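Quick caveat: nothing in here was measured; it's all calculated off a predicted structure. Per chain, numbering begins at 1; letters A, B, ... match sequence-line order.
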Amino acid sequence: MSEAYFPVGPGLGLEENFLSLDDILMSQEKLPGRAESTLPPLTFALGQGVSTGDSIPEGSKLEIPLWLAKGLYESKRRIISVELPKIYKEAWRTVFSADASVVDLHKMGPYYYRFGSQLLNFDNPENPEIAQTILQTFISRFRRIMDSSQNAYNEDASALVARLDELERALFRAGQKELNDFQCWEKGQASQITASSLVQNYGKRKFTDMDG
Amino acid sequence: MEPAEAEFLAEKELVTIVPNFSLDRIHLIGGDLGPFNPGLPVEVPVWLAINLKQRQKCRLIPPEWMDVEKLEEIRDQERKEDTFTPMPSPYYMELTKLLLNYASDNIPKADEIRTLVKDTWDTRIAKLRLSADSFVRQQEAHAKLDNLTLMEINTTGTFLTQALNHMYKLRTNLQPGESAHSQDF
């Protein structure tokens with residue numbers, strides 16, 4: 001009602017949500033892997049660093065985007081093998097279990113939860129530990145997100161969200177909206193009729209079009 | 001839901017007014033109102049009471065609970081108990097704001113009432129936060145929140161349900177899917 005449009009939310013878990021822009025962005029994230037057989041040139045997907053025109057020899061190290069890794073990975077045919085990004089490895093899991101709230105999840109890959117859930121698609125012996133760590137991380141960071149999002153009124157929130165992962169940022173925004181709506185009502189501004197954000201953006205759009 | 005919508009629902013609550021005009025019973029879709037006689041108290045919905053008050057056609061009699069002593073008792077009770085105590089009205093916050101904004105001259109000690117209600121509100125919101133946190137921490141599957149009012153649920157509803165949604169999905173990750181070889185539980 002108050003939103004101009006409803007974006008499709010990300011599918012958190014083993015399945016991506018096909019229509020979610022967030023999930024499409026997330027599937028571009030790269031993960032370390034190794035070619036288990038000779039691969040045709042994949043420069044378009046792997047980016048620079050791989051010379052054009054040559055096929056990829058067996059055993060070379062690769063940085064594979066998630067969408068490609070999911071397509072190529074098959075435990076029987078062994079086209080590629082996939083390693084864990086370091087943030088999901090044992091050493092970092094220990095850090096998360098010590099105190100998850102001090103970690104800068106945005107720097108460590110802005111899609112910590114969703115990317116971690118996707119990693120469970122690859123048969124890795126450490127999968128149960130990864131899933132457990134992700135869940136515990138969310139639980140222990142929950143209180144801080146809730147408190148900061150519902151108390152920071154009329155403040156610069158950039159410092160508060162700087163260390164949050166994309167999923168947590170969406171949560172933070174939901175909390176902020178509720179806080180702002182309530183404060184707005186309490187001050188009596190809710191009874192004033194304002195232009196829809198859609199209309200306001202439309203005006204801006206036209207202005208820039210005329211300029212360019 | 002937005003606070004304004006909760007306020008809209010609160011406007012259906014009945015309050016007592018003393019009109020200073022006379023009018024026959026009026027028939028509305030929501031029911032009959034009146035008759036209005038000068039000096040005789042009559043029950044009307046809040047929206048009508050506010051409208052009449054703004055046109056200085058009536059005097060408002062505050063609801064029974066809108067009284068400093070009663071509210072002090074409610075506030076102390078709320079602070080003492082760990083769980084939510086029943087509120088005198090499911091729309092106490094909305095009604096306090098509406099009536100105090102438009103008819104504060106008919107309500108004795110309006111400022112004190114405002115502070116008391118706000119204190120009670122703050123205590124309840126703090127409790128709500130605390131229980132939400134322990135709910136998530138202990139990974140409970142369900143919780144019972146009695147005596148919460150609509151406005152209170154509104155302040156944290158979207159946030160909490162979204163967070164619980166995420167948590168549920170992360171928790172299903174723990175269980176190996178159909179493709180996995182063993183399911184030993």
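- Enclosure of atom CG in B:D32 by more than 12 non-hydrogen atoms of other residues, nucleotides or ligands within 6.0 angstrom is indicated.
- Of the two parts of A:L12, the backbone and the side chain both hold a non-hydrogen atom closer than 4.5 Å to a non-hydrogen atom of chain B.
- Both the backbone and the side chain of B:A132 have a heavy atom closer than 4.5 Å to some heavy atom of chain A.
- Closest heavy-atom contact between A:E178 and B:G157: OE2-N, 3.2 Å.
- For B:E73, the CD atom counts as loosely surrounded, since its 6.0 Å shell holds 12 or fewer non-hydrogen atoms of other residues, nucleotides or ligands.
- For B:N165, no part sits under 4.5 Å from any heavy atom of chain A, backbone or side chain.
- In the displayed structure, A:Q183 atom CD is contacted under 6.0 Å by more than 12 heavy atoms of other residues, nucleotides or ligands.
- Heavy-atom contacts from other residues, nucleotides or ligands closer than 6.0 Å to OH of B:Y168 number 12 or fewer.
- Counting heavy atoms of neighbouring residues, nucleotides and ligands inside a 6.0 Å radius, atom CZ of B:F84 exceeds 12 of them.
- Using a 4.5 Å cut-off on side-chain heavy atoms (C-beta onward), A:L135 and B:L174 make contact.
- Scanning both residues, A:L171 and B:F159, for their nearest heavy atoms gives O-CD1, 3.2 Å.
- Both the backbone and the side chain of B:L130 come within contact range of chain A, each with at least one heavy atom under 4.5 Å from a heavy atom of that chain.
- With contacts defined as side-chain heavy-atom distances shorter than 4.5 Å, the pair A:F142/B:L160 qualifies.
- Remark: A:K187 NZ is packed, more than 12 non-hydrogen atoms of other residues, nucleotides or ligands lying under 6.0 Å away.
- There is no contact between A:I130 and chain B, counting heavy-atom distances below 4.5 Å.
- Residue A:S140 comes nearest to B:R137 through the heavy atom pair O-NH2, 4.3 Å, listed as atom of the first residue, atom of the second, then distance.
- Contact of the A:I139 side chain with the B:Q139 side chain is registered, since non-hydrogen atoms from C-beta on lie closer than 4.5 Å.
- The 12-atom threshold is not exceeded at CZ of A:R144, counting heavy atoms of other residues, nucleotides or ligands nearer than 6.0 Å.
- Taking each heavy atom of B:K169 and A:P10 in turn, the nearest pair found is NZ-O, 4.2 Å.
- Under a cut-off of 6.0 angstrom, the local environment of CD in B:E140 is crowded, with over 12 non-hydrogen atoms contributed by other residues, nucleotides or ligands.
- Note that CD of A:Q150 and OG1 of B:T156 are 4.0 Å apart. Values are rounded to the nearest 0.5 Å.
- Chosen from A:Q176, A:Q136, A:R143, the residue pairing most often with chain B at heavy-atom distances under 4.5 Å is A:R143.
- Taken to the nearest 0.5 Å, the CG atom of B:L170 stands 7.5 Å off from the CG atom of A:L167.
- Counting heavy-atom pairs closer than 4.5 Å to chain A, the top residue among B:M151, B:E94, B:K97 is B:K97.
- For the options A:D147, A:N151, A:N127, heavy-atom pairs under 4.5 Å to chain B are most numerous at A:N151.
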Show the numbers, then the answer: is there a side chain to side chain contact (heavy atoms under 4.5 Å, CB included) between B:T158 and A:K177?
CA-CA 9 Å; B:T158 335; A:K177 184 176 181 305; over 6 Å; no
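- Using the six-membered ring where Trp is involved, B:H166 and A:F138 have ring planes that are perpendicular, over 60° apart on the 30 and 60° scheme.
- In summary, of the residues considered (B:E5, B:E7, B:E2), a side-chain hydrogen bond (donor to acceptor under 3.5 Å, both in side chains) with A:W185 occurs for B:E7 alone.
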